[in-house]
Engineer: 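This structure is in structure tokens; I'll ask about it shortly.
We name chains A, B, ... by the order of the sequence lines, and we start the count at 1 in each one. Just the heavy atoms: all of them, side chains too, but no hydrogens, waters or symmetry mates, feed the values below.
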Amino acid sequence: MTNDYSFQDIEEKWIKKWQKNDVFNVKKDQRDSYFVNVAYPYPSGSMHVGHGRTYTLPDIVARYKRMDGYNVLFPMAWHVTGTPVIGISRRIKEEDEDTLDIYKNLYGVPEEKIGDFKDPLEIVNYFSDEYKKVMTRLGYSIDWDREFRTVDDEYNSFIEWQYRRLKDKGLIKKGTHPVKYCPNDENALGDHDLLEGEEAGIEDFFLIKFELDNGDVLPCATLRPETVLGVTNLWIKPSGQYVKVDVGEERWIVAKKAIAKLREQGWMVEEIEEIKGEELIGKEAETPRSESVPILEADFVDLDVATGVVMSVPAHAPYDLIALKELETDIFPKKVIDLEEYGDVPAQKMLEKYNVSNQIDDSLEDATEELYNKEFNNGFISSGFEDYSGLDVKSARKQIGEDLVSSDLAEKMYEFDQKPVVCRCGEDAVVKVLEDQWFLDYSDRSWKQKTHDALRDINLIPSDIEKDFDHAIDWLEEWACTRRVGLGTNLPWDKEWIIEPLSDSTIYMSYYTISKLLKDVDGDLKDELFDYLFLDKGDVSEISEKTGIEKTKIKEMKEEFEYWYPYDYRFSAKDLIPNHLTFQLFHHTALFDEEKWPQGISVLGMGLLEGEKMSSSKGHVVLLENAIEKYGSDTVRFFLVENAEPWQDFDWRENDVKSTQNKLMHFWDNIEKYLSFEDFSKNLEKIDYWLLSRFNERVKKTRESLENHQTRKALQNAFYLFRKDLGWYKKRTNIDREGAKWCLNKVSREWIKLLAPFIPFIAEEVWSKIGDSFVSEEAFPRVESEYINRKVEFEENLLREVREDVNEIINVTDSTPEKIYLYTSSQWKDDLIGLIAQEDDFDQGKLMGEIMKRDEFKKRGEEVNRILDDLIEIVREHNEYMEYASSVDLGEVLEGASDYLEKEFDCDIIVTNEKNPVHDPQNKSKNALPLKPAIYLE
RNA sequence: GCGGGGGUUGCCGAGCCAGGCCAAAGGCGCAGGACUUAAGAUCCUGUCCCGUAGGGGUCCAGGGGUUCGAAUCCCCUCCCCCGCACCA
């Protein structure tokens with residue numbers, strides 16, 4: 001029994017055998033190639049069950065395709081590029097408690113090893129080893145000979161080549177770019193470097209210049225430049241520390257705190273003198289439209305946001321309106337945006353709606369947000385504003401902003417969209433504008449078009465995501481592709497910069513085709529080599545000369561690339577559609593010929609744990625290693641892919657996993673038993689043909705599902721539904737028969753292969769009892785159409801219905817029958833249903849007319865009328881089988897199953913025809929219908 | 001606001017594109033039974049409501065429509081999730 005088996009033992013055993021026989025290490029041969037790949041992991045922590053699913057799905061597809069005759073490549077590598085691991089390493093150095101807790105307690109890193117993590121590469125080494133161990137343990141059919149890391153020299157050469165070629169094509173350009181920055185560390189900050197404000201974004205403020213009569217400039221910060229049309233006054237915090245500064249030719253007045261920000265963003269700022277906010281109150285300032293407005297006091301002004309100088313637009317800003325009211329001025333709001341049903345002072349409407357009566361009311365925030373959104377999306381500029389009147393707010397904002405900037409009446413400044421943003425060192429972060437930032441120019445029109453074109457020919461799973469891709473392609477603009485810090489490849493022509501992670505992971509799938517051969521190459525990986533391999537340019541001899549690599553080696557690499565590429569399917573998480581998955585499309589279209597563009601993309605959903613989102617930082621995860629330890633690899637694999645379709649979110653429920661394990665163990669027992677039924681004669685009965693037919697239907701559905709990566713549906717058919725079929729079969733017949741044993745043996749041989757991609761260890765173990773080969777290399781079951789027998793299936797369905805009917809009667813009457821009489825229908829009724837079955841229109845009147853043309857029915861007119869409804873119902877119910885209706889002899893079917901029925905109901909079964917029933921005290925026999933016998937119990 | 005995906009029987013989730021075979025697969029949970037010294041596991045039966053004869057009723061977010069017939073097609077409304085934008 002099950003207890004004799006240990007899944008750990010068979011896992012180790014088969015992993016060794018596969019390795020020894022190089023089952024998954026592949027190279028070009030005569031077979032068709034099939035290249036499956038998945039986003040390479042960033043190994044900075046332990047794998048949880050969610051990761052397990054990401055790699056199990058491609059493995060199942062790889063295993064299926066391998067068994068189906070393809071030469072399948074499934075490679076793996078390590079994405080080490082970027083900053084996360086550097087941050088982790090620093091935090092460990094600083095003995096950050098949370099970090100140490102996760103690494104020691106959750107991930108179980110040994111105490112003595114933790115010290116090594118002060119070197120970021122050590123973290124990567126440690127966890128990539130662990131990943132590899134777990135992946136191997138799960139039976140992934142990976143070709144490990146092709147493994148690499150993105151910090152390897154060869155890979156760096158490959159990335160350098162890629163970037164030089166992109167630059168040649170004019171797809172990389174230079175510009176400025178705002179980043180989070182720590183003035184103390186003098187470093188750009190990634191999310192992992194922040195104590196607070198990881199989620200903070202950066203937004204574009206306009207600094208609109210208002211002039212005092214002495215020529216000093218008050219740069220008012222606003223996100224809504226269009227509202228400058230409705231300014232009634234300025235706000236200054238009276239207690240605030242302001243400062244006069246020289247900025248180029250101009251003298252500005254800004255919050256003291258703004259000086260550092262302005263400097264980081266490229267302004268030359270020279271401090272002249274400090275002033276208090278109250279000194280400015282009461283003065284007049286001139287708007288860019290040469291109107292004069294007063295400077296008033298307001299405590300809500302935040303000196304920490306941009307310049308700390310604010311303009312007031314009371315008609316459209318609830319804050320401004322309420323502040324003016326509290327000051328009891330006679331300033332009247334000036335409307336600039338028309339918004340339906342909001343009247344002359346939309347802000348007033350919002351104050352009323354939210355019932356706001358003072359400046360410190362919390363709902364002011366909501367009122368502001370609602371009004372801003374409404375105006376932005378539905379508002380139009382009011383009349384009386386020259387060129388701008390009638391514009392929708394979206395366009396007006398853009399237009400007015402540009403106009404102000406181009407006439408030097410405003411400048412642009414960046415600021416965080418939330419505060420605080422704090423560096424791990426404790427210093428407040430600021431926005432720094434990086435000069436000389438390099439961008440991938442995804443806004444390039446023809447590049448976008450080409451990428452859209454590529455998308456048209458890609459198999460997308462699920463197909464709905466095509467729209468998301470189109471959207472992403474259109475939406476992407478310039479992408480800042482380099483960073484100052486982190487691991488990775490330096491930008492070849494500007495070594496100060498490092499190519500960031502999303503930008504160095506775009507065409508590496510092609511690199512897998514040569515990575516193994518490259519390892520034995522000792523030579524200079526010049527661009528010409530990659531040009532030749534990937535772009536088919538240049539001459540082998542010359543390249544061999546130049547690089548010092550043997551010609552045969554180069555040719556071999558070229559052949560491998562041509563053989564495997566393009567890839568057939570790439571798997572990746574759904575949330576990477578807007579960036580990585582779209583980027584890799586862009587880069588393929590930019591660099592490769594059309595015939596090398598991606599063939600398929602399959603996206604994966606997220607993982608839940610007992611219905612809740614998983615989270616490593618909260619400890620709400622199940623580590624993959626622990627799950628394997630507890631349930632075994634087969635169970636984990638099986639559960640991960642049967643729980644939901646790949647693109648849907650799956651839910652790891654301990655209870656269900658347990659139940660899955662039990663089912664598999666039971667399956668294991670049974671199938672070994674069936675496989676031991678060798679050498680029995682093929683002496684088959686009807687029910688055996690039924691089982692063979694069902695099995696082949698299940699094979700058909702399984703194949704179809706797997707082609708579409710519907711692993712859940714595949715397993716429903718390959719496992720759960722066929723199990724049900726077997727259950728019926730075992731109840732229906734005596735399986736100690738010769739024929740039954742032959743049949744079970746025959747089906748089991750195929751069944752184990754059908755499940756081999758999902759549960760490779762059990763499959764190999766069981767298979768080894770009957771064959772010398774690896775089941776992983778056996779042929780995946782094909783549909784044997786000679787065994788598909790619709791008529792037998794139909795007859796079996798009819799029998800089930802009879803059983804259900806009898807059961808229902810027993811339940812309703814609460815009786816225990818000693819005899820069950822089944823009356824089949826008279827010949828004329830059978831003829832009648834045959835006639836009805838030929839019609840495709842079930843209109844009663846028309847049918848009746850048709851029927852009454854025949855004398856045999858006409859003479860029974862009344863009876864025909866009585867049962868016509870039921871007959872139509874029967875025809876409808878069995879629609880897909882009606883072609884067999886006339887050839888089925890229900891009496892024979894029931895007689896043939898009487899052993900079963902007698903056993904099932906523990907009583908005698910008597911089958912007769914309604915024409916001369918043996919015993920019919922209640923005159924039930926007249927209810928007999930074709931395909932549905934009348935029943936009498938006593 | 002834009003784009004995408006959804007709301008199904010206690011729960012998870014099929015079905016919907018190609019309307020009738022749908023009271024609606026499968027799993028989980030629950031109930032009863034078999035096995036067992038017992039527990040677990042396994043197996044069987046049941047699991048919307050009514051019903052002492054295989055029947056009837058109600059149902060697939062809500063409302064309306066098309067059709068002989070709608071969970072499935074069309075229109076409207078409400079709600080949820082994801083991405084993005086916008087905004088504070």
Engineer: So A:P318, base contact, sugar-phosphate only, or nothing? Heavy-atom distance under 4.0 Å.
Structural biologist: nothing
Engineer: Sort out the partner of B:rG40 for me: Watson-Crick or G-U wobble, both distances under 3.5 Å, none otherwise.
Structural biologist: none
Engineer: Between A:K663 and A:I809, name the one whose nearest nucleotide on RNA chain B is closer to the 5' end.
Structural biologist: A:K663
Engineer: Find the partner of B:rU72: check Watson-Crick (N1-N3 plus N6-O4 or O6-N4) and G-U wobble (N1-O2, O6-N3) distances, both under 3.5 Å, and reply none if neither fits.
Structural biologist: none
Engineer: Using a 4.0 Å heavy-atom cut-off, does A:A644 contact any base of the nucleic acid, only the sugar-phosphate backbone, or nothing at all?
Structural biologist: nothing
Engineer: What's A:N655 touching, base or sugar-phosphate or nothing? Going by heavy atoms closer than 4.0 Å.
Structural biologist: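 Counting heavy atoms under 4.0 Å across all strands, the contact made by A:N655 is with sugar-phosphate only.
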Engineer: Mind checking A:Y936 for me? I need base, sugar-phosphate or nothing, with any heavy atom below 4.0 Å counting as a touch.
Structural biologist: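 If one applies the 4.0 Å heavy-atom cut-off, A:Y936 turns out to touch a base.
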Engineer: N/O contacts under 3.5 Å, protein versus nucleotides 81-84 of chain B?
Structural biologist:
from: B:rC84; atom 1: O2'; to: A:W475; atom 2: NE1; distance (Å): 3.2

Engineer: Does B:rC11 pair with anything, Watson-Crick or G-U wobble, both distances under 3.5 Å, and if so, with which nucleotide?
Structural biologist: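 Result: B:rG27.
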Engineer: Under 6.0 Å between the ring centres of A:Y631 and A:F639?
Structural biologist: no
Engineer: Assign A:D656 to base, sugar-phosphate, or nothing according to its heavy-atom contacts below 4.0 angstrom with the strands shown.
Structural biologist: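 Sugar-phosphate contact only.
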Engineer: Below 6.0 angstrom between ring centroids: does that apply to A:F583 and A:Y442?
Structural biologist: yes
Engineer: Determine the Euclidean distance between corresponding C1' atoms of B:rG15 and B:rU8; express it in Å to zero decimal places.
Structural biologist: 9 Å
Engineer: What does A:K574 touch in the nucleic acid at a heavy-atom separation under 4.0 angstrom: a base, only the sugar-phosphate, or nothing?
Structural biologist: nothing
Engineer: Using a heavy-atom cut-off of 4.0 Å across all strands, would you classify A:S815 as base, sugar-phosphate, or nothing?
Structural biologist: nothing
Engineer: Using the P atoms only, state how far B:rC78 lies from B:rG32, rounded to an integer number of Å.
Structural biologist: 46 Å
Engineer: From the options B:rC11, B:rG55, B:rG27, select the nucleotide whose nearest atom is closest to the side chain of A:Y720.
Structural biologist: B:rG27
Engineer: Using a 4.0 Å heavy-atom cut-off across all strands, classify A:K713 as base, sugar-phosphate, or nothing.
Structural biologist: nothing
Engineer: Taking the ring of A:F719 and the ring of A:F667, is the distance between their centroids below 6.0 Å?
Structural biologist: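 Yes; A:F719 has its ring centre under 6.0 Å from that of A:F667.
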Engineer: Partner lookup for B:rC21, please. Criteria are Watson-Crick or G-U wobble with both distances under 3.5 angstrom; report none if nothing qualifies.
Structural biologist: none
Engineer: Classify the nucleic acid contact of A:I577 as base, sugar-phosphate or nothing, counting any heavy atom under 4.0 Å across all strands shown.
Structural biologist: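 The answer is nothing, as A:I577 stays clear of every strand by at least 4.0 Å.
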Engineer: Would you mind telling me which residue lines up with the more 5' stretch of RNA chain B, A:Y319 or A:N927, judged by nearest nucleotide?
Structural biologist: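 It is A:N927 whose nearest nucleotide is closer to the 5' end.
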Engineer: Any salt bridge between A:R732 and A:D725, counting N to O under 4.0 Å?
Structural biologist: no
Engineer: Once you apply a heavy-atom cut-off of 4.0 Å, does A:E801 come out as touching a base, just sugar-phosphate, or nothing?
Structural biologist: nothing
Engineer: Tell me the partner of B:rG83, counting only Watson-Crick (N1-N3 plus N6-O4 or O6-N4) or G-U wobble (N1-O2 and O6-N3) with both under 3.5 Å; none if nothing fits.
Structural biologist: B:rC2
